[in-house]
Amino acid sequence: MFLIDNFLLIYIYIYIYICRYLFNLKKKVKNKAHVEASICEAYIVEEISTFISYYFEPHLRTRINRVPRHDDGGEVHSSGNLSIFSNPGRPTPKNTVRGRYLSEIEFRQAHNYVLFNCDELRPFIK
């Protein structure tokens with residue numbers, strides 16, 4: 001029973017991923033008379049642009065080497081803090097909710113993220 005549930009869950013995730021990918025391709029349709037050809041063209045253009053962008057000079061910004069979403073370009077000097085907390089970013093806007101507590105699952109996920117992505121803790125995880 002457990003195996004069937006896992007298989008069904010994996011099948012649902014794959015289906016959602018494919019639907020989301022097709023939705024993104026369908027947004028790029030230009031020629032409404034030949035939708036299938038237009039989707040194929042959009043896919044080929046996306047693949048070619050990704051492949052070609054690997055051969056651009058490093059200072060040119062492409063989809064592959066773009067700046068992270070919350071990077072404002074500021075420098076953060078760590079004074080004995082862990083390296084994972086030295087990533088530059090922007091503060092949250094004033095109109096967002098600030099007093100939110102994490103659920104048990106969210107807390108475990110954040111805890112595991114810090115443990116597995118912090119260079120100072122690598123020697124202890126073996």
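Note that the coordinates shown come from a computational prediction; the quantities given were computed from them, not determined experimentally.
Nearest heavy-atom pair, Glu120 versus Cys118, reported as atom, atom and distance to 0.1 Å: OE1-SG, 2.9 Å. When all heavy atoms of Leu60 and Phe56 are compared, the closest pair comes out as CD1-CB, 4.2 Å.
Of the possible polar contacts, none joining the Ser53 side chain to the Thr62 backbone as a donor-acceptor pair under 3.5 Å is found. Panel note: side chain Ser49, backbone Val45; a donor-acceptor pair is recorded below 3.5 Å.
Taking CD1 from Ile16 and OH from Tyr11, the interatomic distance works out to 11.5 Å, rounded to the nearest 0.5 Å. To the nearest 0.5 Å, atoms CD1 (Ile48) and CD (Glu41) are separated by 10.0 Å. Rounding to the nearest 0.5 Å gives a distance of 10.0 Å between CD1 of Ile14 and CG of Leu9. Distance OG/Ser38 to CG/Leu25: 10.0 Å, rounded to 0.5 Å. Taking CD of Glu106 as the reference point, atom NE2 of His111 lies at 15.5 Å (rounded to 0.5 Å).
With hydrophobic clusters built from ILVMFWY side chains whose heavy atoms lie under 4.5 angstrom apart, Ile44 shares a cluster with Tyr54.
Asn31 has its side chain within reach of His34: a pair of non-hydrogen atoms, C-beta onward, lies under 4.5 Å apart.
Annotation for Tyr21: atom OH counts as buried by contact number, over 12 foreign heavy atoms lying within 6.0 Å. Other residues, nucleotides and ligands contribute only 12 or fewer heavy atoms inside 6.0 Å of the CD1 atom of Ile105.
Classification of the Phe51-Tyr55 ring pair by plane angle, with boundaries at 30° and 60°, yields perpendicular.
Salt bridge Lys28/Glu46: present, at least one basic N to carboxylate O contact under 4.0 Å.
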